[in-house]
Amino acid sequence: VAGGANVLPTIVSGDQGKSLSIAGDGTTLEWASNSSAAVYYVAPHGLDNPSSGKSIAYPYASIKYACGQIPSGQVATVYVKNGTYNEQLPIVVPANVAIIGDSQRTTIVQPASGNSDDGSTPNNEATMWLLSDGSLLNKMTFKGMTGWTSGSTAEDITTSTAKGVFCALNPAIAVAAKSPYVIECSAIGSGAIGAVVDGSVHSSGNKSMLFHGYTIISDNGVGFWIKDAGKAEIVSCFTYYCYFGYATTGGGFIRALNGNNSYGTWGAVSSGYDTNETYISGTILGQELNFT
């Protein structure tokens, strides 16, 4: 019956994923698009090919592929449906792109087996998300990262090596307008790092990231490591079992409210300073008390 006179509209190239609908004149039939501009879908039943992703009927299969299909400069949203996604890492989220899951407890992102894109680092010891200017993560749980251990000086996080990182700044794109934002997500692992905000990866911009309602459960791992003049606002974020909860080094900044570090070794730790900072010399007024 398809395409017959007075039956259904003819199916032509580009009609994939469209639905039969009533046209604007109220009397004739048409194949109507189910997609919106700059909105993409990822789901377990999807396929990673260029013709997918624009509707829930024909979604992409992986978040990484979806991010790679978004045109440069486009402000977009990627909806990730309930399911578990074994992803090749890192996932580079383009500028001004939001990745939004169906539910924090039922949309799971974890590393696929094998090595990351560099060909040598195991996927689960690499970085899961590289976040760009204006990007956002919402309503997902991240699992399976690992590899971090305390360094040669156990109480000094700078002697350790950042491995198994869930969230970090994208080195290729400075934060010029809006800080990357992680909101209402969870990270679960062992020897994993919830977030590293490393100001040294950018030579300009704000070097910043925002977190709200981001819960990190990482046995002998790290919650938040803000380093080398990086900046983070951490609101209502909780860490559990982390060797370090909140840590700043090399002049990193944390502005925090309503958070907590539970059951770990070190809660809030700060060490070092920004070597590029212009300081103001001062003197101490009053009596000096020498005590042995």
Side-chain angles (χ1 to χ4, degrees), residues 1-88 91-110 129-142 170 173 175-186 210 212-214:
V1 298
N6 300 318
V7 186
L8 298 180
T10 301
I11 300 172
V12 299
S13 176
D15 283 341
Q16 180 183 13
K18 293 182 178 180
S19 299
L20 189 63
S21 183
I22 306 299
D25 60 14
T27 58
T28 58
L29 299 173
E30 70 173 0
W31 297 112
S33 175
N34 292 323
S35 63
S36 300
V39 175
Y40 304 89
Y41 297 89
V42 177
H45 66 276
L47 293 173
D48 283 341
N49 62 56
S51 62
S52 299
K54 293 296 292 181
S55 73
I56 189 58
Y58 296 94
Y60 296 126
S62 70
I63 305 168
K64 183 180 180 74
Y65 186 87
C67 288
Q69 297 301 302
I70 298 172
S72 178
Q74 187 179 74
V75 179
T77 301
V78 178
Y79 289 104
V80 184
K81 310 307 290 181
N82 288 337
T84 298
Y85 299 88
N86 298 311
E87 296 279 341
Q88 176 67 21
I91 303 170
V92 180
V93 183
N96 300 308
V97 169
I99 312 293
I100 300 178
D102 264 349
S103 168
Q104 184 174 348
R105 292 186 169 180
T106 57
T107 305
I108 312 298
V109 183
Q110 58 191 24
W129 301 98
L130 291 177
L131 301 174
S132 305
D133 186 26
S135 59
L136 180 144
L137 304 178
N138 185 211
K139 295 182 180 177
M140 293 176 285
T141 289
F142 319 135
N170 177 10
I173 300 179
V175 180
K178 298 178 181 178
S179 300
Y181 198 175
V182 181
I183 179 171
E184 294 179 3
C185 291
S186 296
L210 307 176
H212 182 270
Y214 181 34

Tabulate below the donor-acceptor pairs under 3.5 Å that side-chain atoms of residues 132-140 make, not counting sequence neighbours, or state none.
from, atom 1, to, atom 2, distance (Å)
Ser132, OG, Val93, O, 2.6
Ser132, OG, Asn170, ND2, 2.9
Asp133, OD1, Ala176, N, 3.4
Asp133, OD1, Ala177, N, 3.2
Asp133, OD1, Lys178, N, 2.9
Asp133, OD2, Ala177, N, 3.3
Ser135, OG, Ser132, N, 3.1
Ser135, OG, Ser132, O, 2.7
Asn138, ND2, Ile183, O, 2.9

Next item on the list: Start with the C-alpha gap between Ile99 and Cys67, add the side-chain angles, then the distance that decides, and say whether side chain to side chain contact (heavy atoms under 4.5 Å, CB included) holds.
Entry: CA-CA 9 Å; Ile99 312 293; Cys67 288; 3.9 Å; yes
Item checked: Test side chain to side chain contact (heavy atoms under 4.5 Å, CB included) applied to Ile100 and Thr77, step by step -> CA-CA 7 Å; Ile100 300 178; Thr77 301; 3.9 Å; yes
Notebook entry, point to check: Checking side chain to side chain donor-acceptor pair (under 3.5 Å) for the pair Thr141/Gln104: CA distance, chi angles, key distance, verdict?
Noted result: CA-CA 6 Å; Thr141 289; Gln104 184 174 348; 5.2 Å; no
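Across all non-hydrogen atoms, the minimal contact from Lys64 to Glu87 is N-OE1, 3.1 Å. In terms of heavy atoms, Ala38 sits closest to Val75 at CB-O, 3.3 Å. The minimum heavy-atom distance between Pro94 and Val92, with the atom names listed, is CD-O, 3.4 Å. Of all heavy-atom pairs between Val97 and Gln74, the closest is CG2-O, 4.0 Å.
A donor-acceptor pair under 3.5 Å links the side-chain atoms of His45 to the main chain of Ile56, judged by distance alone. Using a distance-only test at 3.5 Å, with no hydrogens or angles considered, no donor-acceptor pair links the side chain of Asn82 to the main chain of Asp102.
Taking the side chain as every heavy atom from C-beta outward, Trp31 and Val12 never approach each other to under 4.5 Å. The shortest side-chain heavy-atom distance between Ile70 and Val78 falls under the 4.5 Å cut-off. Using a 4.5 Å heavy-atom threshold, the side chains of Ile63 and Val109 count as touching. By the 4.5 Å heavy-atom criterion applied to side chains, Ser52 and Leu47 are counted as neighbours. Side chains of Tyr181 and His212 form a contact here, defined as non-hydrogen atoms less than 4.5 Å apart.
Shown are Tyr85, Tyr65, Tyr41, Tyr79; of these, the ring pair (Phe, Tyr, Trp, His ring centres under 6.0 Å) with Tyr60 is made only by Tyr65.
Note: Leu29 CG to Ser21 OG = 8.5 Å, rounded to the nearest 0.5 Å.
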